[in-house]
Protein chains: 2
Amino acid sequence: MTEEFKTSKPIYSQIADRIIQQFVRGEIRPGEKLPSVREMAIQSGVNPNTIQRTYGELERMGVVESRRGQGTFMTEQIEMRNQLRADIQRDIVAAFIENMRGIGLEDREIAYAVEQFLVKREEDK
Amino acid sequence: MTEEFKTSKPIYSQIADRIIQQFVRGEIRPGEKLPSVREMAIQSGVNPNTIQRTYGELERMGVVESRRGQGTFMTEQIEMRNQLRADIQRDIVAAFIENMRGIGLEDREIAYAVEQFLVKREEDK
DNA sequence: CCTAGTGTACTATGTAACTAATACACCAAT
DNA sequence: ATTGGTGTATTAGTTACATAGTACACTAGG
């Protein structure tokens, strides 16, 4: 499974985002072992050094814990999941509002645009 | 006025975004002359080449028109403004929805989050 | 003990993006 | 014609990123 990566963002960061998403969605459980840097590198079709950078970034955030000789594990702290989701959600919404106001939209227009987009998507099913 | 730029995105692109925003908001009128590459460079505290890249990108989009020896001007086509706003708005909303669904949120939760954020901001005033 | 698998560290290389500095080409006004 | 202001082109330097290769440290299991 050789994935595709966007060129606008570093690969190591995109992989980190994916892991966090999977954790927040419950697809990765607290304390679960992640693939080794070498194995994850093969899965993702990148260099092991890139994965190490990914794990290092996640460890700096406190999301994973690396144990030499054993592997890299998702954090045991279950409250981290809700906290992560809350923080990420806040950042996403804040950036969205800022972008929309940047093109001159008022609050009611912003809310309306979201509703319309979701309704339209529903119709496309 | 030496502005601050994010490191995650090229400066020339951030300046281009700002110009488009000003145009969409009506702060820059169709056909209006923009500052020269050198003057804009001084205003923004960057190299003239960075501004040239900004103008080049905008010209490629058809938003501005550069005339050698005269200057760079906003497009005369007034319909470009609405088209730009519509396109940008669609991209912003689409990216927002994708991000929110990425952390496992359903459509109703997404709409609710936007409403809550706007209500909270209103209270902060 | 020994081996395999793990994370970690280090150097080197290549590439691309961004920024910078400089020189050149054009236009308008004097 | 000259001058000043304009866009344009070329070249170079810096940085971040990704890759490659190698070596080391630790752990678990046989």
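In the text below, chain A, chain B and the rest are named by the order of the sequence lines, each starting its count at 1.
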Short question: side chain of [X], backbone of [Y] - any donor-acceptor pair under 3.5 Å?
X	Y	answer
B:Glu32	B:Phe73	no
A:Thr54	A:Tyr12	yes
B:Arg81	B:Val24	yes

For B:Arg67, which contact category applies under a 4.0 Å heavy-atom criterion: base, sugar-phosphate, or nothing?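 Contact class for B:Arg67: sugar-phosphate only.
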Identify whether any heavy atom of A:Thr72 sits under 4.0 Å from a base atom; if not, whether one sits that close to sugar-phosphate; answer base, sugar-phosphate or nothing.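 Sugar-phosphate, backbone atoms only, no base.
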To the nearest angstrom, how far is [X] atom [atom1] from [N] atom [atom2]?
X	N	atom1	atom2	result
B:Glu57	D:dG7	CD	P	17 Å
A:Tyr55	C:dA9	OH	C1'	18 Å
B:Met40	D:dG5	CE	C1'	16 Å
B:Lys9	C:dT19	NZ	C1'	18 Å
A:Ile51	C:dG5	CD1	C1'	17 Å
A:Glu39	C:dG5	CD	C1'	11 Å
A:Asn49	D:dA16	CG	P	17 Å
A:Lys33	C:dG5	NZ	P	12 Å

Within this structure, what is the CZ-CD distance for the pair B:Arg38 and B:Gln52, rounded to the nearest 0.5 Å?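 These two atoms lie 9.5 Å from each other.
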Taking for each residue the nucleotide of DNA chain D bearing the nearest heavy atom, is the 5' side occupied by A:Asn47 or by A:Arg68?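 Here A:Asn47 is the residue nearer the 5' end.
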Of A:Arg38 and B:Arg38, whose nearest nucleotide on DNA chain D comes first from the 5' end?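 Residue closer to the 5' terminus by nearest nucleotide: B:Arg38.
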Counting side-chain heavy atoms from C-beta on, which of [options] comes nearest to [X]?
X	options	result
B:Gln52	D:dT19, C:dT8, D:dA9	D:dA9
B:Pro10	C:dA17, C:dA20, D:dT8	C:dA17
B:Arg53	C:dT19, D:dC17, D:dA20	C:dT19

Please state whether the phosphate of [N], meaning OP1 or OP2, lies under 4.0 angstrom from any side-chain nitrogen or oxygen of [X].
X	N	value
A:Gln70	D:dA28	yes
B:Ser66	D:dT6	no
B:Ser36	D:dT6	yes

Near A:Arg67 CZ, under 6.0 Å, is it more than 12 heavy atoms from other residues, nucleotides or ligands?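 It does: A:Arg67 CZ has more than 12 such atoms within range.
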